[in-house]
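Report on one structure; see the data block that follows.
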Protein chains: 2
Amino acid sequence: METRDLDYLLAVDEHGGIGKAAEALGMSQPALTKAIQRVEAQTGLALFQRTAHGVAPTQAGSLFLARARRIALEYEDALKEMRALRSGEQGVLSLGYSPTVPRRSFWAHVASC
Amino acid sequence: METRDLDYLLAVDEHGGIGKAAEALGMSQPALTKAIQRVEAQTGLALFQRTAHGVAPTQAGSLFLARARRIALEYEDALKEMRALRSGEQGVLSLGYSPTVPRRSFWAHVASC
DNA sequence: CTCGATTACGAGCCCCGTAAATATG
DNA sequence: CATATTTACGGGGCTCGTAATCGAG
């Protein structure tokens, strides 16, 4: 499964239709149709019910969409964290302690950072 | 990003080396090398430090691995839930209530399921 | 009638395998 | 020395676009 597929699912759910979602995603309707079918094949269940005015999540679809939202968010968070590390906004603070170092000079050193 | 890539990362971390991980994954070592580089390109950071005896996670790598573990688990959980739904082990229980239905016959009906 | 599904075709990309040479700690 | 990286080559699969047609609520 690709993270892109999660966005596809969420877009279809948001727009309530494959055609509209495809337009919003900047892709063709047949491509998105196939993408959704791909995911449904991987889960082994119909995730959307096709109606005359578009699509609506099935019960299984609702459950999977909830998980998809969660996973998509955590993936984005992971990338954000990496971006933060990259731009130096955030770092990993490591504190080492050795009994041979006087506590006073240790904290003085920390403070000077 | 593909979920497969998460497994690649975790395997490399587990085995402490790209060569060994590649063997465990049943793929070639150059392919896994490129896969890791792919992920590192997407995160914009080096996730593993190359040593003489294999590789070790960098600080950024440790952070990303933790998130990767979490996401991989949640993805598996999502698939498991779908599998459970599919095989009827689990379902979505919906209870509807209408004042016009006598409570006694309602519960009698539920019990008969 | 509206929207999704399907078909057919092809283009392009991506991932991987193999094999050998190179770099690094 | 062991391990990872790089290079070159090719195969295979997957994803998408287009265009047109079919199917169903």
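All figures in this text were calculated on a predicted structure; none of them were measured in a lab. Numbers restart at 1 for each chain; the letters A, B, ... are given by sequence-line order, proteins then strands.
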Worksheet entry | Length of the NE2-C1' vector between A/His53 and D/dG25, whole Å | 8 Å
Discussion item. Tell me the interatomic distance from A/Met27, atom CE, to D/dT15, atom C1', rounded to whole angstroms.
Written reply: 8 Å
Worksheet item: Taking for each residue the nucleotide of DNA chain D with the nearest heavy atom, is it A/Ala35 or A/Ala52 whose nucleotide lies nearer the 5' end?
Response: A/Ala35
Worksheet item: Expressed in angstrom and rounded to an integer, what is the separation of A/Glu2 atom CD from C/dC15 atom P?
Response: 8 Å
Response to the item:
Of the candidates C/dA5, D/dT18, C/dG17, the side chain of B/Ala31 sits closest to C/dG17
Fill in: Nucleotide C/dG17, atom P - distance to CD of B/Glu23 in whole Å
13 Å
Worksheet item: What nucleic acid atoms does A/Gly16 come within less than 4.0 Å of, heavy atoms only: base, sugar-phosphate, or nothing?
Response: nothing
Worksheet entry | A/Tyr8 side chain near D/dC16 phosphate (N/O to OP1/OP2, under 4.0 Å) | yes
Discussion item. Checking contacts here: which listed nucleotide (D/dA4, D/dG17, D/dG25) is nearest the side-chain heavy atoms of A/Lys34?
Written reply: D/dG17
Item to complete: Select one nucleotide: of D/dG25, D/dA19, C/dC15, the one nearest the side-chain heavy atoms of B/Arg38.
Response: C/dC15
Worksheet item: Considering only side-chain heavy atoms of B/Arg4, which listed nucleotide, C/dG4, C/dC16, D/dA4, is closest?
Response: C/dC16
Practice prompt. Identify which nucleotide among C/dG4, D/dA4, C/dT6 has an atom closest to any side-chain atom of A/Gln37, counting heavy atoms from C-beta outward.
Written response: C/dT6
Item to complete: Report yes if at least one side-chain N or O of A/Ser28 is closer than 4.0 Å to OP1 or OP2 of D/dT18; otherwise report no.
Response: no
Worksheet item: When the distance from CD1 of A/Ile36 to P of D/dC16 is rounded to whole Å, what number comes out?
Response: 10 Å
Fill in: Check ion pair A/Asp77-B/Arg70 (N to O, under 4.0 angstrom)
no
Discussion item. Test salt bridge (charged side-chain N to carboxylate O under 4.0 Å, His left out) on B/Arg67 and B/Glu74; report intermediate values, then the result.
Written reply: CA-CA 11 Å; B/Arg67 292 191 180 262; B/Glu74 289 192 357; over 6 Å; no
Item to complete: Rounded off to whole Å, could you give me the CG-to-P distance for the A/Leu47 and C/dG4 pair?
Response: 16 Å
Worksheet item: Does a sphere of radius 6.0 Å around CD in A/Glu23 hold more than 12 heavy atoms from other residues, nucleotides or ligands, not counting ones at 6.0 Å or beyond?
Response: no
Worksheet item: With respect to the phosphate group of C/dG25, does any side-chain polar atom (N or O) of B/Thr51 fall under 4.0 Å of OP1 or OP2?
Response: no
Discussion item. Taking the minimum atom-to-atom distance to the side chain of B/Pro30, which one of C/dA5, C/dC16, D/dT6 wins?
Written reply: D/dT6
Worksheet item: To the nearest angstrom, how far is A/Leu32 atom CG from D/dT15 atom P?
Response: 13 Å
Worksheet item: Within a reach of under 6.0 Å around CD of B/Gln49, are more than 12 heavy atoms found that belong to other residues, nucleotides or ligands?
Response: no
Response to the item:
Atom CD1 of A/Ile18 and atom C1' of C/dT2 are separated, to the nearest Å, by 14 Å
Discussion item. Let me confirm one number: the CG-CE distance from A/Leu6 to A/Met1, rounded to the nearest 0.5 Å.
Written reply: 6.5 Å
Worksheet, complete the sentence: Closest to the side chain of A/Gln29, out of D/dT5, C/dT18, C/dG4, is C/dG4
Worksheet entry | Pair B/Arg69 + B/Glu76, salt bridge at N-O below 4.0 Å | no
Worksheet item: Do any side-chain nitrogens or oxygens of B/Arg50 fall under 4.0 Å of OP1 or OP2 in D/dT5?
Response: yes
